[in-house]
Peer 1: 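Below is one structure. I have some questions about it.
Atoms considered below: every heavy atom in the structure, side chains included; atoms not considered: hydrogens, waters and symmetry mates.
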Amino acid sequence: MKQRRQPAPVPPGFAVLPPVSPFFRSLGKVYIRDDAMGAPPVYGLHVRPKHANRHGTGHGGFLATLADTFMAAFIYHQRSDIGKMWTTQLSMDYRRPAPMGAWLTCHLIELTREGDILTVQCELKVGALVTNRATATFKVFDKA
């Protein structure tokens with residue numbers, strides 16, 4: 001009989017992030033650690049069975065969706081001038097699997113703006129190990 005791995009505990013400083021949409025709610029509990037000193041937040045969640053591929057690790061589509069969702073959240077957190085936006089390009093490097101039950105975090109690496117295009121880079125990590133690196137561009141509209 002296969003033993004189920006217990007999820008890693010939620011590290012101190014993380015709080016549940018209320019879902020911003022029905023789709024976001026489908027990810028399960030998502031957490032945020034927000035630095036009051038202005039540094040970008042860190043997002044985290046547990047890799048659950050509903051996120052799995054047939055090998056029992058985080059599904060690539062789930063990981064790409066997660067990176068895209070968190071990069072958009074970084075934009076809204078870091079740039080109060082942004083109104084609406086949408087993803088125009090997403091690339092994902094898959095470096096190692098995200099194990100079932102792992103505490104997976106997302107960290108902002110870079111955010112740049114050129115005209116109405118924002119480019120964002122982030123890393124998904126399990127502990128200090130980078131599982132994925134993502135880059136996306138977003139078409140943005142400033143708040144009126």
Side-chain angles (χ1 to χ4, degrees), residues 5-144:
R5 181 176 171 184
Q6 289 294 93
V10 175
F14 280 88
V16 174
L17 182 64
V20 295
S21 69
F23 175 76
F24 195 86
R25 181 177 286 112
S26 74
L27 297 174
K29 279 190 182 177
V30 174
Y31 297 82
I32 184 171
R33 185 182 69 211
D34 202 354
D35 181 357
M37 303 300 278
V42 175
Y43 298 97
L45 59 65
H46 288 105
V47 179
R48 302 278 188 202
K50 69 181 180 175
H51 307 139
N53 59 24
R54 66 175 148 183
H55 305 292
T57 61
H59 188 282
F62 160 71
L63 297 168
T65 299
L66 198 61
D68 181 48
T69 301
F70 288 156
M71 285 189 283
F74 285 130
I75 290 170
Y76 284 125
H77 186 274
Q78 299 295 109
R79 300 291 305 250
S80 61
D81 57 324
I82 302 300
K84 292 184 179 185
M85 65 178 173
W86 66 84
T87 308
T88 59
Q89 180 274 333
L90 174 67
S91 65
M92 191 79 170
D93 294 333
Y94 296 91
R95 296 182 176 191
R96 57 182 46 90
M100 195 57 46
W103 176 248
L104 184 68
T105 56
C106 186
H107 304 262
L108 177 65
I109 302 301
E110 186 176 12
L111 190 154
T112 58
R113 183 171 184 169
E114 190 172 317
D116 62 353
I117 300 295
L118 274 173
T119 302
V120 185
Q121 290 183 341
C122 74
E123 289 180 334
L124 298 178
K125 295 181 175 184
V126 173
L129 295 175
V130 176
T131 59
N132 305 87
R133 187 172 190 134
T135 303
T137 56
F138 296 84
K139 167 85 171 166
V140 297
F141 295 92
D142 290 336
K143 289 181 180 173

Peer 1: Using the side-chain contact (heavy atoms from CB on, under 4.5 Å) rule, take Asn132 and Arg95 through it: C-alpha gap first, then chi angles, then the decisive distance, then the call.
Peer 2: CA-CA 5 Å; Asn132 305 87; Arg95 296 182 176 191; over 6 Å; no

Peer 1: So, do Tyr43 and Phe74 have ring centers that fall under 6.0 Å from each other?
Peer 2: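 Close enough - the centres of the two rings lie under 6.0 Å apart.
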
Peer 1: Any salt bridge (charged side-chain N to carboxylate O under 4.0 Å, His left out) pairs touching residues 66-79, not counting sequence neighbours?
Peer 2: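 Salt bridge (charged side-chain N to carboxylate O under 4.0 Å, His left out) check on residues 66-79 returns Arg79-Asp81.
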
Peer 1: Which is it for Leu111 and Thr119 under the side-chain contact (heavy atoms from CB on, under 4.5 Å) test, yes or no, and what are the steps along the way?
Peer 2: CA-CA 6 Å; Leu111 190 154; Thr119 302; over 6 Å; no

Peer 1: What pair of heavy atoms forms the shortest contact from Ala39 to His77, and how long is it?
Peer 2: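 Result for this residue pair: O-CE1, 4.0 Å.
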
Peer 1: Compare all side-chain heavy atoms of Phe70 with those of Cys122 and state whether any distance is below 4.5 angstrom.
Peer 2: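 Side-chain contact under 4.5 Å: no.
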
Peer 1: Roughly how far apart are Thr135 OG1 and Ile109 CD1, rounded to 0.5 Å?
Peer 2: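 With rounding to 0.5 Å, OG1 (Thr135) is 9.5 Å from CD1 (Ile109).
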
Peer 1: Check whether His55 reaches the backbone of Thr57 with its side chain - one donor and one acceptor, N or O, closer than 3.5 Å.
Peer 2: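 Side chain of His55 to backbone of Thr57: no pair is present.
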
Peer 1: Between atom CD of Gln121 and atom OG1 of Thr112, what is the distance when rounded to the nearest 0.5 Å?
Peer 2: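 Here the rounded value is 8.0 Å.
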
Peer 1: Could you walk me through whether Val16 and Val30 pass side-chain contact (heavy atoms from CB on, under 4.5 Å), step by step?
Peer 2: CA-CA 6 Å; Val16 174; Val30 174; over 6 Å; no

Peer 1: Do the non-hydrogen side-chain atoms of Thr131 and Pro97 ever get within less than 4.5 Å of each other?
Peer 2: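 A side-chain contact is absent here, since even the closest heavy-atom pair is not under 4.5 Å.
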
Peer 1: Check the pair Thr69 / Phe24 against side-chain contact (heavy atoms from CB on, under 4.5 Å), numbers first and verdict last.
Peer 2: CA-CA 8 Å; Thr69 301; Phe24 195 86; 3.5 Å; yes

Peer 1: Which heavy-atom pair separates Leu90 from Met71 by the least distance, and what is that distance?
Peer 2: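 Residues Leu90 and Met71, closest heavy atoms: CD1-CE, 3.6 Å.
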
Peer 1: What's the shortest heavy-atom distance between Leu63 and Ala98, and which atoms?
Peer 2: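 For Leu63 and Ala98, the tightest heavy-atom pair comes out as CD2-CB, 4.2 Å.
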
Peer 1: What heavy-atom pair brings Phe138 and Thr87 nearest, and what distance separates the two atoms?
Peer 2: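 Scanning both residues, the minimum pair turns out to be CE2-OG1, 3.1 Å.
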
Peer 1: Within the 3.5 Å criterion, strictly below it, is a donor on Thr88 or Thr137 matched to an acceptor on the partner's side chain?
Peer 2: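 Yes, because at least one side-chain N or O of Thr88 sits under 3.5 Å from a partner of the opposite role on Thr137.
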
Peer 1: Kindly give the heavy-atom pair with the smallest separation between Pro49 and Met100, and that separation in Å.
Peer 2: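 Between these two residues, the closest heavy atoms are N-SD, 3.3 Å.
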
Peer 1: Supply the atom-to-atom distance Leu104 CG to Leu124 CG, rounded to the nearest 0.5 angstrom.
Peer 2: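 The CG atom of Leu104 sits 5.0 Å away from the CG atom of Leu124.
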
Peer 1: Measuring only between side-chain heavy atoms, which start at C-beta, is Pro41 closer than 4.5 Å to His107?
Peer 2: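 They are not in side-chain contact.
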
Peer 1: Would you find more than 12 non-hydrogen atoms of other residues, nucleotides or ligands less than 6.0 Å from Lys84 atom NZ?
Peer 2: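 Count not over threshold, so no.
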
Peer 1: Hey, could you give me each pair passing salt bridge (charged side-chain N to carboxylate O under 4.0 Å, His left out) that has a residue in residues 128-144? Not counting sequence neighbours.
Peer 2: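 Passing the test, one end in residues 128-144: Arg113-Asp142, Asp116-Lys139, Glu123-Arg133.
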
Peer 1: Measure across His46 and Val10 and return the closest heavy-atom pair with its distance rounded to 0.1 Å.
Peer 2: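 Result for this residue pair: CE1-CG2, 3.5 Å.
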
Peer 1: CD1/Ile32 to SG/Cys106 distance, rounded to the nearest 0.5 angstrom?
Peer 2: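 Answer for the CD1-SG pair, Ile32 versus Cys106, is 11.0 Å.
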
Peer 1: Any side-chain heavy atom of Lys29 within less than 4.5 Å of one from Leu45?
Peer 2: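 In short, these two side chains do not touch, never coming nearer than 4.5 Å.
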
Peer 1: For a 4.5 angstrom cut-off between non-hydrogen side-chain atoms, does Thr105 reach Phe14?
Peer 2: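 Side chain of Thr105 against side chain of Phe14, heavy atoms only: contact under 4.5 Å found.
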
Peer 1: Would you say that Arg96 contacts Leu129 through its side chain, given a criterion of any heavy-atom pair below 4.5 Å between the two side chains?
Peer 2: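 In short, these two side chains touch, coming nearer than 4.5 Å.
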
Peer 1: Check whether Tyr94 reaches the backbone of Gly60 with its side chain - one donor and one acceptor, N or O, closer than 3.5 Å.
Peer 2: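 Between the backbone of Gly60 and the side chain of Tyr94 there is a qualifying donor-acceptor contact (under 3.5 Å).
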
Peer 1: If you round to the nearest 0.5 Å, how far is CD1 of Ile82 from CZ of Phe141?
Peer 2: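 Going from the CZ atom of Phe141 to the CD1 atom of Ile82 covers 10.5 Å.
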
Peer 1: Name the orientation class of the two ring planes belonging to Phe62 and His51 (parallel below 30°, tilted from 30 to 60°, perpendicular beyond 60°).
Peer 2: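 Parallel.
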
Peer 1: Contact between Val42 and Asp34 at the side-chain level, heavy atoms closer than 4.5 Å - yes or no?
Peer 2: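 Not in contact.
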
